[in-house]
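Below is one structure; the comments refer to it alone.
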Amino acid sequence: MLLDVTINTKSLSIQIDDPFHPDLDAIEGRINKFASSKETDLTGLDIRNLLPKMIKGIAGCEGGCPANAKELVSRGVKNFELEYIEGGILSARSTLGGTNSFSLKMFPDF
């Protein structure tokens, strides 16, 4: 699966090779390094909590992928606006400090 991280208009793509055993430290580290390079502070965003939920929303699919992804969107995650996009894509957006936008978009491999 693929994770696209966007800060304002700049983006970073991160491949998640094993969604059932993701290296959250490495993924979060890459996101934080990217944010730092864009002079963006992600304090207050619980990315560490969000990532496994997004992964499970797509890869978990016990009740069918749209159902799980849509369930996550309906429950929500603090400080993020979640959206299910047709094709099994999940998006999470947040505004940082009123001016910077931050988004994660996760794409399935199927």
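Starting from 1, each residue takes its place in the sequence as its number. All of these numbers come straight from a predicted model, not from anything done at the bench.
- The neighbour count for Glu39 CD, taken as heavy atoms of other residues, nucleotides or ligands under 6.0 Å away, does not exceed 12.
- Listed by first and then second residue, the salt bridge (Lys or Arg N to Asp or Glu O under 4.0 Å) pairs that reach into residues 1-20 come to none, sequence neighbours excluded.
- Hydrophobic clustering (side-chain heavy atoms under 4.5 Å, transitive across Ile, Leu, Val, Met, Phe, Trp, Tyr) groups Leu96 together with Leu12.
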Hey, can you pull the donor-acceptor pairs under 3.5 Å for the side chains in residues 28-36, sequence neighbours left out?
unit_1: Glu28; atom_1: OE1; unit_2: Arg48; atom_2: NH1; d: 3.3
unit_1: Asn32; atom_1: ND2; unit_2: Glu28; atom_2: O; d: 3.3

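- Annotation: side-chain hydrogen bond (donor to acceptor under 3.5 Å, both in side chains) contacts of Thr43 (sequence neighbours excluded): Asp41.
- Of all non-hydrogen atoms in Phe102 and Val5, the two that sit nearest each other are CE1-CG1, 3.7 Å.
- Met1 and Val77 fall within the same hydrophobic cluster, where Ile, Leu, Val, Met, Phe, Trp and Tyr residues are linked whenever their side-chain heavy atoms come under 4.5 Å apart, directly or through other members.
- Sorted by first and then second residue, the salt bridge (Lys or Arg N to Asp or Glu O under 4.0 Å) pairs involving residues 88-106 (not counting sequence neighbours) are Glu81-Arg93, Glu83-Arg93.
- Hydrophobic clustering of Ile, Leu, Val, Met, Phe, Trp and Tyr side chains at less than 4.5 Å, counting indirect connections, unites Ile14 with Leu104.
- For Asn100, the side-chain hydrogen bond (donor to acceptor under 3.5 Å, both in side chains) partners are Asn8, not counting sequence neighbours.
- The shortest non-hydrogen separation linking Ala92 to Met54 is CB-SD, 4.1 Å.
- You'll find the side chain of Phe80 reaches within 4.5 Å of the side chain of Ile47, heavy atoms only.
- Note: the hydrophobic cluster containing Leu42 also contains Leu50 (ILVMFWY, side chain heavy atoms under 4.5 Å, direct or indirect links).
- Closest heavy-atom contact between Gly87 and Pro108: O-CG, 3.5 Å.
- Ile58 and Leu2 are not part of a single hydrophobic cluster, where members link through side-chain heavy atoms under 4.5 Å apart.
- Put simply, the side chain of Asn79 gets close to the backbone of Gly44: a donor and an acceptor are under 3.5 Å apart.
- Ile89 contributes atom CD1, which lies 8.5 Å from atom OH of Tyr84 (distance to the nearest 0.5 angstrom).
- From Ser11, atom OG reaches atom CG of Leu3 across 11.0 Å, with rounding to the nearest 0.5 Å.
- Looking at residues two or more places apart in sequence or on another chain, you find a side chain to side chain contact (heavy atoms under 4.5 Å, CB included) between Pro22 and Ile16, Leu24, Ile27, Ile55.
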